[in-house]
Engineer: 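One structure coming up, written as structure tokens, with questions to follow.
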Amino acid sequence: MRILIVTPSWIGDTVAAQPLFMRLRARYPDARLDALAPPWVAAVLRAMPEIDGEVIANPFAHGQLRLKARWALARELAGRGYDAAWVLPNSLKSALIPLFAGIPRRVGFTGESRYGLINVRHTLDKTATPLQVERYAILAGPPGEPLPRPCPQPRLEIDAARAQATRAALGLAATPAPVVFCPGAEFGPAKRWPETHYAALARQLAERGVPVWLLGSKKDAAVGDAIARLSDGAALNLCGRTDLAQAIALIALARHVVTNDSGLMHVAAALDVPLTALFGSSSPGYTPPLSARAQVLSLALPCSPCFQRECPLGHLNCLRQITPEHVLATLGDAAMAAEPPPRTGEP
Ligand code: SF4
């Protein structure tokens with residue numbers, strides 16, 4: 001059996017889809033799973049053993065229809081003989097390629113009135129499946145079947161050689177395991193803990209001899225530069241200096257991760273790295289970090305969650321009032337030791 005997964009476009013959502021892949025693998029043990037995914041999430045899928053086939057580049061950015069190009073890609077995929085497709089985004093556009101490719105079984109939520117495009121249609125029950133991860137995982141079974149509990153948690157696999165090679169390529173081979181900060185949040189500034197707070201925390205860690213690395217994409221480079229400057233060099237800005245595969249490998253080496261509610265937060269949780277997640281305008285009730293080693297800091301102010309990209313009240317108190325000292329207190333003794341003991345599961 002050959003299965004095509006049309007993946008989400010966000011890193012965090014792609015991590016959250018892994019329990020669906022685990023359930024598909026258990027249900028169809030002989031199946032080969034290919035993924036049709038935007039290039040920027042491919043590295044996440046390659047760290048998932050369940051995706052044992054190809055990760056095919058999905059070149060269609062948000063909002064682009066490009067019907068002729070979709071048809072051309074679909075006809076190329078038609079030759080691969082897929083038996084079924086799971087379409088995870090809810091948009092109409094995302095269901096076109098499996099239809100055009102003649103894939104007979106097309107599974108997903110009804111979403112944007114996708115009658116006919118999706119022919120194994122699930123109806124979203126927000127009460128029965130409050131978490132994003134559950135809403136993907138339930139798609140493995142027939143419509144109407146309750147999700148078996150407990151739902152598995154995402155678990156990415158990184159090989160040790162890749163992690164060490166990445167570290168060496170950046171000239172960091174001799175550095176003790178760092179505390180990693182993920183100070184970006186593509187959604188917007190209302191999900192970003194202030195740069196001054198990250199910098200103050202970096203200085204406090206540096207006083208204890210703990211290295212701090214900042215990880216993120218090119219879009220986060222300016223925020224990283226600001227934190228490095230404000231921390232008087234206590235934080236090393238690697239934002240934009242790694243690709244996603246390298247960032248994942250470096251997070252796997254961390255003794256602790258401090259992160260905004262972002263894609264890399266979900267990556268760190270799926271790597272089972274101890275982490276502190278800082279929630280501002282968003283809600284840990286829908287997309288929490290899925291790991292027993294995760295601590296969530298959320299002040300639950302009367303105005304939160306507002307789900308806005310920028311603070312409509314102009315003060316960002318939901319994040320500003322989480323102090324560096326507050327975050328420091330969540331880091332255990334192992335995270336603060338000059339030479340931390342190796343973690344179980346460290347690559
Ligand atoms: S309105 Fe409240 S929850 Fe929203 S960003 Fe501002 S402080 Fe945070």
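Just so you know, ligand 1 is whichever comes first in the structure, and atom 1 is the first atom listed for that ligand. Index from 1, following the sequence. Model, not experiment: these values are computed from the prediction.
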Engineer: Give a yes or no on this: more than 12 heavy atoms of other residues, nucleotides or ligands lie within 6.0 Å of atom CD of E112.
Structural biologist: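 Enclosed.
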Engineer: If only side-chain N and O atoms count, and only distance matters, is there a donor-acceptor pair under 3.5 Å linking H256 with T276?
Structural biologist: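 Note: T276 and H256 side chains meet the donor-acceptor criterion.
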Engineer: Are P324 and Q204 packed together at the side-chain level, in the sense that at least one heavy-atom pair is separated by less than 4.5 angstrom?
Structural biologist: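 SC-SC contact between P324 and Q204 confirmed.
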Engineer: I need the protein N, O or S atoms closer than 2.8 Å to atom 2 (Fe) of ligand 1, given as residue plus atom name.
Structural biologist: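 Checking every protein N, O and S atom gives C303 SG.
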Engineer: Does the ring center of W193 lie less than 6.0 Å from the ring center of Y198?
Structural biologist: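 Yes - the distance between ring centres of W193 and Y198 falls below the 6.0 Å cut-off.
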Engineer: Within a 6.0 Å radius of atom CZ on R80, are there more than 12 heavy atoms belonging to other residues, nucleotides or ligands?
Structural biologist: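 Atom CZ in R80 is packed in, count exceeds 12.
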Engineer: Between V258 and L278, is any pair of side-chain heavy atoms under 4.5 Å apart?
Structural biologist: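 Yes. Closest side-chain heavy atoms under 4.5 Å.
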